[in-house]
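Below you'll find the structure, written out as structure tokens, and then a few comments.
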Amino acid sequence: IERIGVLTSGGDAPGMNAGIRAVVRASVYYHITPFGIRHGYDGFINDDICEMHAGSVKHIIHQGGTILKSARSSEFKTDEGMKKAWENVKKHQLDAMVVIGGDGTFKGAMEFGNRFDFPIVGIPGTIDNDIFGTDFTVGFDTAVNTVVEAVDKIRDTATSHNRLFFVEVMGRDAGFIAMYSGIGAGAEEILIPEKDRGVEQLFESLERTSQRKKSSRLVIVAEGDKNANVYDIEEKVQERFGDRYETKVTILGHVQRGGRPSCTDRVLASRLGVAAVEALRKGNHGMMVGVRNRKVEFTDFEQATKRNPEMDQELMRVANIISI
Ligand code: F6P
């Protein structure tokens, strides 16, 4: 192969730049010309494509966001959108492509790749860590560290006022951000979609610990938690425990998506970027590259998009034990 395109799509994630950099540098290393496709699949359709060089990715490894920009393209889901993108593949004589993103990105890649017999390899880039076939996605480590830093600060003020805080974190339908940050920040309770324990469970634990002289309580609520939204949960707790707990709600929001990528995310993205280019050179495609048990592994798009990674039972057990 002689020409590779690279794009980032879906919600941006810290470390995407490190991934772009690795794809570009590995391409140049192997005498392949890299092309940057801006604004995800929208740019693929609208010909927002330009040649890149080793220098195009200088000084970006430490930057959050994505220099190629991102989008959640609805046009790429249409027949017409796909055809337009294919015209651009021909126009720029692209032989293959690397896509960095999550589930939706891989679904689009799988469909496009199958339809036009075009080689594509995916790199999991999302803060949610909700992709099957890799232990961690690019951006997750930075995001949980951002959450822990914020929750540590909330702990200070919560303790000063003896308050109970509900902190809502991102993760879409998955509770990985909540579980990791909850354990890391020493939360009293972690509410995740994977373990729907109902509000009753939360009531029980608040009841049980209300006798203890705890100066603060933190409940981490995953945005995908099925019980209700964080304000409803707070209201229910107020109704029942209003006399015992003063409650507050913080929704961390998009702060979780930004910031300098952690070293772990930079290393992960660099490994995956190089592996993606090397796979394409060997003629392997239609799959996602991830790291499992510290080794680079490939999972076909079909599996990666159909299956959900399981929440580690051991983590739930640990969270339970240490939050008594
Ligand atoms: O997938 C990443 C993510 O940040 C989710 O955690 C969240 O549900 C969603 O994207 C928010 O998307 P948007 O930025 O488009 O509102």
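The residues of the chain are indexed from 1 along the displayed sequence. Numbering of ligands and ligand atoms starts at 1, following listing order.
- Residues K84 and E75 form a side-chain contact, since some pair of their non-hydrogen atoms from C-beta on lies under 4.5 Å apart.
- Between K107 and D103 there is a salt bridge, since at least one side-chain N of the basic residue sits less than 4.0 Å from a carboxylate O of the acidic one.
- Checked for salt-bridge contact, R217 and E188 miss the test: no charged N lies under 4.0 Å from a carboxylate O.
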Would you check, one step at a time, whether the test ring-ring contact (aromatic ring centres under 6.0 Å, His included) holds for F140 with Y180? CA-CA 10 Å; F140 174 70; Y180 274 75; 5.1 Å; yes

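- To the nearest 0.5 Å, atom CD1 of residue I123 and atom CG of residue L272 are 6.0 Å apart.
- Each of R257, H254, K69 was compared with D12 under the side chain to side chain donor-acceptor pair (under 3.5 Å) criterion, and only R257 meets it.
- Taking a heavy-atom cut-off of under 4.0 Å, ligand 1 is surrounded by R72, T126, I127, D128, M170, G171, R172, E223, H254, R257.
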